[in-house]
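Below is one structure, written out as structure tokens; the observations come after it.
Quick caveat: nothing in here was measured; it's all calculated off a predicted structure.
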Amino acid sequence: MVRFKNRYLVCEVMTDGRKPEFTQMDFLHCLKDAVSKYHGDYGTGSIMTSLFVKYFNQETGIIIVRVKRGCHLMIQSTLTFITKVKDCEVLLHTIHIGGTLKSCQKFLIRYHQKQLATSLKQCKTKEEKTVVGKAVRRSDAIVKASNLKKLELNILSDVT
């Protein structure tokens, strides 16, 4: 029996300042349509058995897409052409490609910590600094606990 090897693409959804107003199934259908449009029947046949959205957080705008190894570059190239998902203008940016879901979660923790550090520098009022400071301390506690199975990747939800 052969083990199927997958790749996980961590993508950031950028909108015009508001939360994405679509579900992970809407995104999956849009991605399949885009692969069909840009890579034809070969692309569609290659990804149909393995393409799946494993994680979608509307608060942080993070999507994790699973696809079999070898097709991840096709999906990555297709993501750059997607500009609209269910009447929502989007810009998709691939920030990490990993071999396991656990490595993607570890990357997201580090990524959010860096985002919080830059947010702390940009704070102007004392109240903003207090809220972001609490989020930074919370993210440090999550890293120390390192219980990735129960981890919720909503670190930035305290900031908004």
Taking the side chain as every heavy atom from C-beta outward, state whether Thr15 and Cys88 have any atom pair closer than 4.5 Å. yes
Keeping to residues at least two apart or across chains, list the salt bridge (charged side-chain N to carboxylate O under 4.0 Å, His left out) pairs with something in residues 27-43. none
Report the distance from atom CZ of Arg3 to atom NZ of Lys5, rounding to the nearest 0.5 Å. 5.5 Å
Between Tyr55 and Gln105, a side-chain donor and acceptor under 3.5 Å: no
Taking only residues two or more places apart in sequence or in another chain, which ones pass salt bridge (charged side-chain N to carboxylate O under 4.0 Å, His left out) with Arg18? Asp16, Glu21
If a pair satisfies salt bridge (charged side-chain N to carboxylate O under 4.0 Å, His left out) and one of its residues is in residues 67-85, list it, with sequence neighbours excluded. Lys84-Glu89
Residues clustered with Met48, ILVMFWY side-chain links under 4.5 angstrom: none
Would you give the length of the straight line joining atom CG of Leu101 to atom NZ of Lys106, rounded to the nearest 0.5 angstrom? 12.0 Å
Do Ile62 and Leu108 make a side-chain contact, defined as non-hydrogen atoms from C-beta onward lying under 4.5 Å apart? yes
Rounded to the nearest 0.5 Å, how far does CD of Gln24 lie from NE2 of His29? 10.5 Å
Approximate separation, where rounding is to 0.5 Å, of His72 NE2 and Ser77 OG: 10.5 Å
Any idea which heavy atoms bring Cys104 and Tyr8 closest together, and the distance? SG-CB, 3.5 Å
Considering only residues two or more places apart or on different chains, which pairs with a residue in residues 80-102 satisfy ring-ring contact (aromatic ring centres under 6.0 Å, His included)? Tyr38-Phe81, His96-Phe107
Would you please say whether a donor-acceptor pair under 3.5 Å links the side chains of His39 and Thr78? yes
Looking at every non-hydrogen atom in both residues, tell me the closest pair between Ser46 and Cys71 and how far apart they are. CB-SG, 3.6 Å
Apart from Val53 itself, members of its ILVMFWY cluster (side-chain separation under 4.5 Å) are Leu9, Val13, Phe22, Met25, Phe27, Leu28, Leu31, Val35, Tyr42, Ile47, Leu51, Phe56, Ile63, Val65, Val67, Met74, Ile75, Leu79, Ile82, Val85, Val90, Leu92, Ile97
